[in-house]
Amino acid sequence: MEHEEIMSIDDFEKVEMRIGQIKEAEKIKKSKKLLKLQVDLGYDTKQIVSGIANEYAPEDLIDRKVVVLVNLKPAKLCGEKSEGMILATENAAALLGVEDDCEIGERVM
């Protein structure tokens with residue numbers, strides 16, 4: 001297994017991850033693997049396009065708490081704006097778990 005370049009704690013501190021709750025989820029018609037999600041971060045709602053459609057049905061994601069990379073540069077995927085990233089395993093088979101008592105918007109360290 002190869003690893004990415006070693007980074008300093010200063011580099012890591014630039015990464016902002018927060019607890020979010022998925023409020024809406026729908027398939028993107030132009031793609032087999034992408035879902036468009038509306039994720040509540042407590043202080044804001046972000047639209048995130050995620051490649052998890054082969055693993056998760058949209059209706060199974062509603063109200064699920066997830067870890068979100070919130071300070072990622074926005075991108076367009078299949079014509080849809082994506083304002084962050086849901087953290088999952090490399091093949092999207094598993095979303096990172098979050099305890100129910102985690103507060104929406106709480107920073108992940």
Side-chain angles (χ1 to χ4, degrees):
M1 174 185 282
E2 291 189 33
H3 296 280
E4 299 297 328
E5 177 182 333
I6 300 295
M7 65 179 179
S8 71
I9 190 69
D10 293 332
D11 292 330
F12 181 73
E13 287 177 345
K14 294 176 187 176
V15 175
E16 184 179 351
M17 295 177 287
R18 295 199 176 263
I19 304 299
Q21 188 171 37
I22 299 171
K23 293 301 188 181
E24 297 176 28
E26 63 184 86
K27 289 189 175 190
I28 294 177
K29 293 178 181 149
K30 301 175 192 173
S31 174
K32 292 181 180 178
K33 68 176 190 172
L34 295 177
L35 295 179
K36 180 170 68 170
L37 311 171
Q38 300 300 321
V39 182
D40 179 8
L41 295 166
Y43 60 90
D44 192 13
T45 298
K46 290 192 179 276
Q47 178 169 292
I48 298 175
V49 176
S50 183
I52 60 174
N54 290 333
E55 307 298 331
Y56 296 93
E59 59 272 14
D60 294 337
L61 294 170
I62 304 303
D63 291 328
R64 185 167 180 164
K65 289 183 179 177
V66 292
V67 178
V68 181
L69 178 56
V70 297
N71 64 335
L72 189 63
K73 183 178 178 179
K76 282 231 176 193
L77 301 167
C78 279
E80 298 287 347
K81 184 177 182 181
S82 186
E83 302 173 294
M85 179 183 290
I86 301 293
L87 298 187
T89 59
E90 189 172 23
N91 61 6
L95 296 175
L96 282 165
V98 177
E99 298 293 328
D100 285 337
D101 60 350
C102 290
E103 295 290 325
I104 296 170
E106 185 176 358
R107 187 148 185 188
V108 177
M109 303 301 285

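For reference, positions follow the sequence shown, starting with 1.
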Smallest separation among heavy atoms of Cys78 and Leu34, with atom names: SG-CD1, 3.8 Å

Would you compute the distance between atom OH of Tyr56 and atom CG of Leu37 and round it to the nearest 0.5 angstrom? 11.5 Å

Do Val70 and Phe12 land in one hydrophobic cluster if side-chain heavy atoms of ILVMFWY residues count as linked below 4.5 Å? no

Would you say the side-chain atoms of Asp44 pair up with the backbone N or O of Leu41, donor to acceptor, closer than 3.5 Å? no

Flag, side chain of Lys81 to backbone of Gln47, donor-acceptor distance under 3.5 Å: no

Between Val39 and Gly20, which heavy-atom pair has the shortest distance, and what is it? CG1-CA, 3.8 Å

Donor-acceptor pair, distance only, cut-off 3.5 Å: does the side chain of Thr89 make one with the backbone of Ala94? yes

Asn54 side, atom CG; Lys32 side, atom NZ - distance, nearest 0.5 Å: 9.0 Å

CD1-CG distance between Ile52 and Leu61, expressed to the nearest 0.5 angstrom: 5.0 Å

Same cluster or not: Val49 versus Leu96, using hydrophobic residues (I, L, V, M, F, W, Y) connected whenever any side-chain heavy atoms lie under 4.5 Å apart? no

Once you round to the nearest 0.5 Å, how far does CD1 of Ile28 lie from NZ of Lys33? 11.0 Å

Between the NZ atom in Lys36 and the OG atom in Ser31, the distance rounded to the nearest 0.5 Å is 13.0 Å

Taking the side chain as C-beta and beyond, is there a heavy-atom pair between Ile19 and Val108 under 4.5 Å? yes

Walk me through whether Asp63 and Lys23 qualify under salt bridge (Lys or Arg N to Asp or Glu O under 4.0 Å). CA-CA 6 Å; Asp63 291 328; Lys23 293 301 188 181; 3.5 Å; yes

Would the number of heavy atoms belonging to other residues, nucleotides or ligands and lying under 6.0 Å from CD of Glu13 be above 12? yes

Shared hydrophobic cluster for Val15 and Leu72 (ILVMFWY, side-chain gaps under 4.5 Å): yes

Can you tell if the side chain of Leu95 reaches within under 4.5 Å of the side chain of Ile86, non-hydrogen atoms only? yes

Does Glu103, at its CD atom, have more than 12 non-hydrogen atoms belonging to other residues, nucleotides or ligands within less than 6.0 Å? no

Scanning both residues in full, the closest heavy-atom pair of Gly42 with Asp40 reads N-OD1, 2.7 Å

A quick test of your reading: do over 12 heavy atoms of other residues, nucleotides or ligands sit less than 6.0 Å from CE of Met17? yes

Using a 4.5 Å cut-off on heavy atoms from C-beta on, say whether the side chain of Tyr43 contacts that of Ile104. no

Look up atom OG1 in Thr45 and atom CD in Gln21, then write down how far apart they are to the nearest 0.5 Å. 10.5 Å

Side-chain donor/acceptor of Arg18 to backbone N/O of Val68, under 3.5 Å: no

